[in-house]
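Every value quoted in this text rests on a predicted model; they were computed, and no experiment measured them.
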Number of protein chains: 2
Amino acid sequence: MATKRDIMFSKACQYAIKVMIFIASNQKEGNRTGLKEIVAALGSPEAFTAKVLQQLVRGGLLESYRGPSGGFVLRDNKPVLIYDVVQVIDGRQLMEECVLGLPECSGENPCPVHEKFTGIRARLKETLMSTAVSDPSLLKGSFKSGR
Amino acid sequence: MATKRDIMFSKACQYAIKVMIFIASNQKEGNRTGLKEIVAALGSPEAFTAKVLQQLVRGGLLESYRGPSGGFVLRDNKPVLIYDVVQVIDGRQLMEECVLGLPECSGENPCPVHEKFTGIRARLKETLMSTAVSDPSLLKGSFKSGR
DNA sequence: ATAATTAAGGATGTTTTTATCCTTAATTAT
DNA sequence: ATAATTAAGGATAAAAACATCCTTAATTAT
C-alpha cells in the first residue's frame, strides 16, 4: 500500500541540511543569519525550524546570538560536514546500524542483506564526510520548495 | 539531540524484507509458510506482521491461502527483488525522490546536494534491483533479533 | 454438517515525528 | 530606563508510523 515514509533523512534533518547550507552561503565576514531570513529562504515552518536550529546549536555546529542583529553563524573552529549535521539531528543509525534493524548484526554475525549493503553504507558515509556545508559547489542549487 | 529516527527503510519495510527472505528460504516445492511460523522465526509482532503480509499480497509479491495448511508463497511468475519489496511497502521516495524532499529537484533544477547524491542513489537502486529475495547468498545470515 | 485452522480486514490504541503557540531571557538601540 | 528585537524553551496539538484486538471469511479435516 506504499505508506508515506521512506526517505534517507528525517524531515528535521532535511531542514537542518538546508539551514546549514543557507547560513554558510549567507555568511560573509561573520554576518549573522536570523530565523526569519532562514524560513523565508527555505519556505520552512518557523517554529519547527527554530527547534532544529536549537539542536544544531546544542550539537555545537552553530553559534547563536540573541537580540537585535542577533542570529546564527557556523562554528568557526572547524568546517561543518553534512555528516555532522546528520549525526546531530538523526543520530548514527543511517550510517552505522543494520538496515534491517538488528542489534546483533555485524561482520561476524551478519543479517541476510549485510554484505549487500556494506558498499552502499561506505559510499554514503564517504559522501557525507567529504562535503562541508560551506562547500562552494553547493551554491548552485536552490532549496526553496515553493512554486 | 539525535532523535530516534534515521534509517533507510521503515520498520514495516524491514519486516517485509525479512518476511520475504524467510518465506523464500522456507519454500520447497510449493510449501506454504504460515504467519505463526513467520513471527516465530523473525520475532516480529504478529498482528503488525499480518498487515505487512497483506500489503505484500495486494502488491502482487505473495500469494496467500486460507484454512488449515494455508499460508504464503512467493509469486511464481517472476522473481521478487528487494527493490520490489521496498517499492510495495515504502514507495518510491528512497529510490527516486530528492533527499532534501524538494518536489522540483531534478537534473535541470537541482537542489544543493543533488549532484553529491546521484552516485549513491544509483548504487542503491542497482543493489536493490540486483538481489532477489530468493537469492541463495542471503541464506547465511539470520534475522531473528532475539538474544 | 461441524469443528478447527488460517488469512483478511475493520476498529482502536500507542508512540514517534512533525508542527504550533506562547512566555521568558538576552541583547541592542533609543 | 524603556522599548524593540531575536533566540531559548516549555506546553500542547496534529499527523504519521507502529502496534494490538477482535470479528469475518475461506478452507481443510473429522
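Side chain of B:Lys51, nearest nucleotide from C:dA19, D:dT28, C:dA11: C:dA11. Out of C:dT5, C:dA8, C:dT20, the shortest distance to the side chain of B:Pro68 is found at C:dT5. Checking D:dT20, C:dG9, C:dA7 against the side-chain heavy atoms of B:Arg66 singles out C:dA7 as nearest. In this structure, the nucleotide among C:dA8, C:dG9, D:dT20 sitting nearest to the side chain of B:Ser64 is C:dA8. With distances taken from any side-chain atom of A:Phe48 to the nucleotides C:dA7, D:dC18, C:dT20, the minimum falls on C:dT20. Comparing C:dA19, D:dG9, C:dA7 by their nearest atom to the side chain of A:Pro45 picks out C:dA19. Comparing D:dC18, D:dA7, C:dC21 by their nearest atom to the side chain of B:Lys11 picks out D:dC18.
Under the Watson-Crick and G-U wobble criteria, each requiring two contacts below 3.5 Å, nucleotide D:dA17 is paired to C:dT14. Look at D:dA25: its Watson-Crick or wobble partner, with both distances under 3.5 angstrom, is C:dT6. Across every strand in view, D:dA11 sits in a pair with C:dT20 that passes the Watson-Crick or G-U test at under 3.5 angstrom.
B:Phe9 places its CZ atom 13 Å from the P atom of D:dC18, with the value rounded to the nearest Å. Atom P of nucleotide D:dT27 and atom CZ of B:Phe72 are separated by 14 Å, given to the nearest angstrom. In this entry the distance linking CD of A:Gln55 with C1' of D:dG10 reads 15 Å, nearest Å. Atoms CD1 (B:Ile89) and P (D:dA17) sit 13 Å apart, rounded to a whole Å. Per the geometry, OH belonging to B:Tyr15 stands 12 Å off C1' belonging to D:dT20, to the nearest Å. With rounding to whole Å, B:Glu63 atom CD is found 12 Å from C:dA8 atom P. To the nearest angstrom, C1' of C:dA8 lies 14 Å from CG of B:Leu56. Rounded to whole angstrom, the span from the CD1 atom of A:Ile38 across to the P atom of D:dA8 amounts to 10 Å.
Here the side chain of B:Ser130 pairs a donor or acceptor atom with the backbone of B:Thr127 at under 3.5 angstrom. No side-chain donor-acceptor contact under 3.5 Å links A:Arg92 to the backbone of A:Glu97. Under a 3.5 Å cut-off, the side chain of B:Asn26 and the backbone N or O of B:Asn31 do not form any donor-acceptor pair.
Closest of all the heavy-atom pairs between B:Phe9 and B:Leu94 is CE2-CD2, 3.6 Å.
For the pair B:Arg58 and C:dA8, the criterion of a side-chain N or O lying under 4.0 Å from OP1 or OP2 is not met. Note on B:Gln54: every side-chain N or O is 4.0 Å or more away from OP1 and OP2 of C:dA7.
Between B:Lys78 and B:Asp84 no salt bridge is recorded (no basic side-chain N to carboxylate O distance below 4.0 Å). Taking 4.0 Å as the cut-off between side-chain N and carboxylate O, B:Lys125 and B:Glu96 count as a salt-bridged pair.
For the pair B:Gly67 and A:Tyr65, both in contact range of DNA chain C, the more 5′-proximal nearest nucleotide belongs to B:Gly67. Comparing B:Val57 and A:Arg32 by the nucleotide of DNA chain C that holds the closest heavy atom to each, the one mapping nearer the 5' end is B:Val57. For the pair A:Ser69 and B:Thr49, both in contact range of DNA chain D, the more 5′-proximal nearest nucleotide belongs to A:Ser69.
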